[in-house]
Amino acid sequence: MPRRREPRPAPALELKTTRLAGIQVILNSAEHAALNTHLTTLFAATPDFFGGEAAVFECGRLPADAASPDWAWLAQELKSRGLNPFAVQNASPELAASALQAGLLVLNDAAPAVATVAPSPEPEPEAEAPVEPPAELPVRTPTRVIDKPLRSGQRVYAAGGDIVVLAAVNPGAEVIADGSIHVYAPLKGRALAGARGDTTARIFTTHLEAELVSIAGVYRTFDNALDAALARKPAQIRLADASQIIIEPL
Amino acid sequence: MATIITVTSGKGGVGKTTTSASIASGLAMRGYKTAVIDFDVGLRNLDLIMGCERRVVYDFVNVIQGDANLHQALIKDKHADNLFVLPASQTRDKDALTEEGVENVLKELAHQGFDYIVCDSPAGIEHGAVMALTFADEAIVVTNPEVSSVRDSDRILGIIQSKSRRAIEGREPVKEHLLVTRYAPKRAHEGEMLTYTDIQELLRIPLLGVIPESDAVLHASNQGVPAIHQKGTPVADAYLDAIGRFLGEEHPLRFVDYEKPGLIKRLFGGK
């Protein structure tokens, strides 16, 4: 109901709904040893990847008869890596009870349960798990934009998204993105798109002169000079059949 | 307020020390009180190029460690008024350069009213080179017209942009200048060398000058007189132009174009 608002001092406390952006920690296993090993390897190269984001344990993929994980330990491990887990979702009553005891919240109105099909043979890192982001936790990583030349020895990484480079990528420099790479200048260094395995990632440049290009781990070097139709020209690089690098003029 | 100029390159043997000596001399000749510091501890050369090697008593490391004061260690140049040399130590290694010690010496020089402090960086990207660029306000990147030198200059520019105090504290970035040295217009024209425009296209920083390859440089080093004092030589003129540009003047580039020798020249020789 529209109502004229009189100017008055803001109350000491206000309640409003909010949408919380955060990270889902999808549990495929509740076993301490397996979790510990995977946590260690996942964060080995990028211990500072997270900066205090809120996190929720997604339990929808745990087998129905799974024992409760050691919530307190798991929460502490994630905290030490910059994630702040505060709740569980899609938990069975037993899991929910143990989580409550460990001081975690239980989200009732949880997102649609993660497809409870057989767990993928190889548990993937959370960021690329093929899960539809639930409405409460919109996941969109802003595109990273670089407007200064990348020089030999410099390396930039766009975690979880795309990168746009507006200045030259010089020989010996590295651009890495989990998504696609756009270079609106000479690309003379290395470009690695789909760094976490996204085979649909692509590389675009207005001046192809790269030392190496890679998409989802499939790479190509240019020891032999590039085709004259492509060298120093606008080009896109994509992956065909998940295993073959295709370079096309733009 | 003193301006700290670091002369650096990444690669060795491209002319950092020659350039440091000439730039420092050039600024002093313009009337600015200038100090030039040799950061190449353990491989000191600047004193030779400046011709003051026999007058070194105390050095940079002595001052950092408090064994001598700055006044005792600074050597007054005999070619230019207003110019003082702070030599490196030959018997220590670069670990003797502490960040705090270097900062104190630079502050003390600023306090003594120096207008410009030129830091002659060692080659490489290790501790000594990083110490020389940490406090830079401006950087002169010395590059030869060949790919390895350009690559190393690119690398050192990246380091300036990440490790200098100005970068770390988020202040206005270090002002970068490109100085191409040992340039042979004929060889560049014939495609044996990169041209200065090739270099600039890759490094993308403003061009301060192009110093031609010349025997005068070797001659100057052997005599212990900075090349900028070799009056009338292209090298000295090119350095004088570079000083002018550094101070904001406009000078057209000289000694960069190759002219085919005409018939008369070919018949009668001459340079």
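Just so it is clear: chains get the letters A, B, ... in the order the sequence lines come, proteins before strands, and each one is counted from 1. Predicted model only: the values in this text are computed from it and were never measured.
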Can you tell me if [X] has over 12 outside heavy atoms packed within less than 6.0 Å of its [atom1]?
X: B/E100; atom1: CD; value: no
X: B/R254; atom1: CZ; value: yes
X: B/E250; atom1: CD; value: no
X: B/E201; atom1: CD; value: no
X: B/R166; atom1: CZ; value: yes
X: B/R182; atom1: CZ; value: no

*Is it true that a side-chain atom of A/R151 and a backbone atom of B/L203 form a donor plus acceptor pair closer than 3.5 Å?*
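Yes, A/R151 side chain to B/L203 backbone: donor-acceptor pair under 3.5 Å.
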
*asked:* Strictly below 4.0 Å, N to O, side chains only: are A/K148 and B/E176 in salt-bridge contact?
replied: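 Looking at B/E176 together with A/K148, the answer is no, because their closest N to O distance does not fall below 4.0 Å.
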
*Given a strict heavy-atom distance threshold of 4.5 Å, which part of B/I160 is in contact with chain A: side chain, backbone, both, or neither?*
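Contact with chain A: none, neither part.
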
*Pairs of heavy atoms under 4.5 Å with chain B: top-ranked of A/P171, A/A168, A/A173*: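 Most heavy-atom pairs under 4.5 Å with chain B: A/P171.
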
*A/N170 side, atom CG; B/R155 side, atom CZ - distance, nearest 0.5 Å*: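 So the CG of A/N170 and the CZ of B/R155 are separated by 12.5 Å.
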
*Enter the distance from B/D152:CG to A/S152:OG here, rounded to the nearest 0.5 Å.*
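Result: 7.5 Å between the selected atoms.
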
*Segment of A/K188 engaging chain B (4.5 angstrom heavy-atom cut-off)*: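 Side chain of A/K188 only, per the 4.5 Å heavy-atom cut-off to chain B.
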
*Validation row: A/P149, B/D154 side chains within 4.5 angstrom (heavy atoms)*: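 Counting from C-beta outward, A/P149 and B/D154 never come under 4.5 Å.
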
*Run the salt bridge (Lys or Arg N to Asp or Glu O under 4.0 Å) check on A/E211 and B/R151 step by step: do they pass?*
CA-CA 13 Å; A/E211 295 173 324; B/R151 167 83 60 104; 3.4 Å; yes

